[in-house]
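Because the structure is a prediction, the values reported are computed rather than measured. Quick note: numbers below take in every heavy atom, side chains included, and nothing from hydrogens, waters or symmetry partners.
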Amino acid sequence: MWLALASTPHAHDIPADITVQAFIKPDGTSLKLLVCVPLKAMRDVNFPLRGPGFLELSKADQFLADAASLWIAGNVEIYEDDNRLGTPRLLAERVALPSDRSLESYDTAIQHVWGPRLPDDTEIAWDQAVMDVLFEYPIATDASRFSIRPAFARLGLRVVTVVRFLPPGGAVRAFEFTGDPGLVNLDPRWHQAALRFVRLGFVHILSGADHLLFLLCLIIPLRRIKPLIVVVTAFTAAHSLTLIAAASNLGPDGLWFPPLIETLIAASIVSMALENIAVSASSPEPSRSRLGHARWAMAFGFGLVHGFGFSFALRESLQFAGSHLLTSLLSFNLGVELGQLAVLVVMVPVLQLLFRFVVSERIGTIILSALIAHSAWHWTGERWERLRQFAWPSPDAVFLVSVVRGLIVIVVACAIAWLVFGALTRRPGRAPVVDERRERGA
């Protein structure tokens, strides 16, 4: 049995990295789908070979058509509005060299797929060749809203799909995603983009350990509604400002900037945790109201840093915003806010029960903050070592202008926040609070 199994021909190995490129162009009552995929991804098709693994081009047409139907048309769903299009018609297929550059634009790609084929005596290894395939779908009108659900992840261990959509009379929209992204709206309506980014922001805040620990540091000593609303709103407003600024390309674009922001985020967690420890150690019963009035400023300042961290996670997803960039950014912030509220709904009652039945508030605050500071300190060290591997930018005129522009934005944002939150937290008709120790001394 072992010898029999060993002698049985096996299917081709699963390739490690595959890149699929596609053009989608609606025109009148038809939609063209042009796909370029490496031939080695067609694992269940035994292409005719000659010599030491060269593709037999004169006998490959039927095999190419079968591969196009099985591995490409069978793994793509295209929708017109909410209606899935039927089985496409195969217009053309051909083998191309890996050095071919016709995919730089749709026009050159169409000319190439309809152009003369490679000579039959071309010596090209089958696992180095690529296949260009052109499909046609019947549609009602090219003014419809189109979406695509590509399922090319089974073509390899890691599959990157690049889709370029050419709407009639509009600019080319490019998409790039890894694996199976689900349904992608090529020209999304505002509510479709908003829903996608609300979901993205909600998932991101719940999956980010550093953001969750920072939020926990904020709320450990503050568990009343009004101080929590002020502090969390300050944090949300701050990261919204820097997120929009980063999406508008107002932030630095150097390779050193993301590691710097990640290091500052970890350092902000250490700072907040140490402040919790210091306040709890200096006063057995710290005033939550006074702490909340002072903490919103720190939440706003550190929120500016966390906003750039959110922008790094959002950068690859902005391609799905279509023409609704601002709507998508605000929706992402709304998702983050909803995620923070969900965390608060869970954390605040848990902390109340913990400090009531397990440990005193003072000791519990110190222990939790110490554990958070310990983890964040290690993150800070690791991220600092990563940051040191990058060269700092030279202080030329362009860099100084970007720094000044960023500082102006930060100063204006801080001034507005100080006025707004100062007005919200000020109690009219109330005498200034006298320090308790001075009052006792008097």
(message) Set out, in order, the CA-CA distance, both residues' side-chain angles and the distance that settles side chain to side chain contact (heavy atoms under 4.5 Å, CB included) for Arg173 and Arg164, then state yes or no.
(response) CA-CA 6 Å; Arg173 292 177 181 168; Arg164 279 170 279 186; over 6 Å; no
(request) Dump the intermediate steps for side chain to side chain contact (heavy atoms under 4.5 Å, CB included) on Ile24 and Leu34, then the final yes or no. (result) CA-CA 7 Å; Ile24 301 175; Leu34 194 155; over 6 Å; no
(message) Is there a side chain to side chain contact (heavy atoms under 4.5 Å, CB included) between Asn185 and Phe320? Walk through the geometry before answering.
(response) CA-CA 7 Å; Asn185 295 296; Phe320 303 114; over 6 Å; no
(message) Evaluate Phe308 against Phe257 for ring-ring contact (aromatic ring centres under 6.0 Å, His included), listing each step before the verdict.
(response) CA-CA 9 Å; Phe308 284 112; Phe257 190 59; 5.2 Å; yes
(message) If you apply the rule side-chain hydrogen bond (donor to acceptor under 3.5 Å, both in side chains), what do you find for Asn276 with Thr365, and how did you get there?
(response) CA-CA 7 Å; Asn276 289 343; Thr365 300; over 6 Å; no
(request) Apply the test side chain to side chain contact (heavy atoms under 4.5 Å, CB included) to residues Leu318 and Phe197: give CA-CA distance (whole Å), side-chain angles for both, the deciding distance (0.1 Å), then the verdict. (result) CA-CA 9 Å; Leu318 285 178; Phe197 281 86; 4.2 Å; yes
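Between the side chain of Asn83 and the backbone N or O of Tyr79, no donor-acceptor pair lies under 3.5 Å. Using modelled atom types, no side-chain atom of Arg158 and backbone atom of Thr178 make a donor-acceptor pair closer than 3.5 Å. Panel note: side chain His324, backbone Pro188; a donor-acceptor pair is recorded below 3.5 Å. Side chain of Gln319 to backbone of Glu176: a donor-acceptor contact under 3.5 angstrom is found. The backbone N or O of Ser105 sits less than 3.5 Å from a side-chain atom of Thr108, completing a donor-acceptor pair. Using modelled atom types, one side-chain atom of Gln192 and one backbone atom of Arg189 make a donor-acceptor pair closer than 3.5 Å. Looking only at distances, no side-chain donor or acceptor of Asp127 sits under 3.5 Å from a matching main-chain atom of Lys40. Remark: the backbone N or O of Ala109 is not paired with any side-chain donor or acceptor of Ser102 at under 3.5 angstrom. Side chain of Ser271 to main chain of Ala267: no donor-acceptor pair is present (N/O by atom type, distance under 3.5 Å, no hydrogens or angles). At distances below 3.5 Å, at least one donor-acceptor pair connects side-chain atoms of Arg101 with backbone N or O atoms of Ser99.
Within the 4.5 Å cutoff, the side chain of Met42 has heavy atoms near those of the Val37 side chain. Side-chain contact check for Ile18 versus Val20: some heavy-atom pair is nearer than 4.5 Å. Here the side chains of Ile219 and Leu344 are in contact, with some heavy-atom distance below 4.5 Å. Contact check for Leu157 versus Asp17: no side-chain heavy atoms found under the 4.5 Å cut-off. Side-chain atoms of Thr327 and Ser331, non-hydrogen and from C-beta on, do get closer than 4.5 Å to each other. With contacts defined as side-chain heavy-atom distances shorter than 4.5 Å, the pair Val163/Phe177 qualifies. Side chains of Pro221 and Ser280 form no contact here, defined as non-hydrogen atoms less than 4.5 Å apart. Put simply, the side chain of Leu155 reaches to within 4.5 Å of the side chain of Trp71, judged on heavy atoms.
With values rounded to the nearest 0.5 angstrom, Ile78 atom CD1 is found 9.5 Å from Phe135 atom CZ. Rounding to the nearest 0.5 Å places OG1 of Thr263 at 11.5 Å from CH2 of Trp256. The structure places SG of Cys36 at 7.5 Å from CG of Asp100, a figure rounded to the nearest 0.5 Å. Distance check: Arg94 CZ to Asp132 CG gives 6.5 Å after rounding to the nearest 0.5 Å. To the nearest 0.5 Å, the span separating NZ on Lys32 from CG on Leu166 amounts to 12.5 Å. Note: Trp379 CH2 to Trp377 CH2 = 15.0 Å, rounded to the nearest 0.5 Å.
The minimum heavy-atom distance between Ile220 and Ser369, with the atom names listed, is CD1-OG, 4.2 Å. Nearest heavy-atom pair, Ile205 versus Gln340, reported as atom, atom and distance to 0.1 Å: CG1-CG, 4.1 Å. Residues Asp180 and Pro150 approach most closely at OD1-O, 3.6 Å, considering heavy atoms. When every heavy atom of Ser147 is checked against every heavy atom of Asp81, the shortest pair comes out as OG-O, 4.4 Å. Contact between Ile269 and Ala376 at its shortest, heavy atoms only, is CG2-CB, 3.5 Å. Closest heavy-atom contact between Ala129 and Val95: CB-CG1, 3.8 Å.
Note on ring orientation: taking the six-membered ring where Trp is involved, the planes of Phe165 and Phe146 are tilted (angle from 30° to 60°). In this structure, His204 and His211 have tilted ring planes: the angle between them lies in the 30° to 60° band.
Using a cutoff of 4.0 Å between basic side-chain nitrogens and carboxylate oxygens, Arg388 and Glu385 are scored as salt-bridged. The residues Asp210 and Arg383 are annotated as salt-bridged, a charged nitrogen and a carboxylate oxygen being separated by less than 4.0 angstrom. Taking 4.0 Å as the cut-off between side-chain N and carboxylate O, Asp187 and Arg145 count as a salt-bridged pair.
Phe235 has its ring centre less than 6.0 Å from the ring centre of Phe214.
Tyr106 is linked by a ring-ring contact (aromatic ring centres under 6.0 Å, His included) to Phe23, counting only residues two or more places apart in sequence or in another chain. In this structure Arg196 satisfies the side chain to side chain donor-acceptor pair (under 3.5 Å) test with no other residue, sequence neighbours excluded. Among residues two or more places apart in sequence or in another chain, the side chain to side chain donor-acceptor pair (under 3.5 Å) test is passed with Ser268 by His306.
Counting non-hydrogen atoms of neighbouring residues, nucleotides and ligands closer than 6.0 angstrom, the CG atom of Leu255 reaches no more than 12 such neighbours. Open room surrounds NE2 on His374; 12 or fewer heavy atoms of other groups in view lie less than 6.0 Å from it.
Evaluated for a side chain to side chain contact (heavy atoms under 4.5 Å, CB included) with Val198, the options Val203, Asn333, Leu334, Leu330 yield exactly one hit, Leu334. Here the options are Leu85, Leu183, Val184, the test is side chain to side chain contact (heavy atoms under 4.5 Å, CB included), and the partner is Ile148; only Val184 passes.
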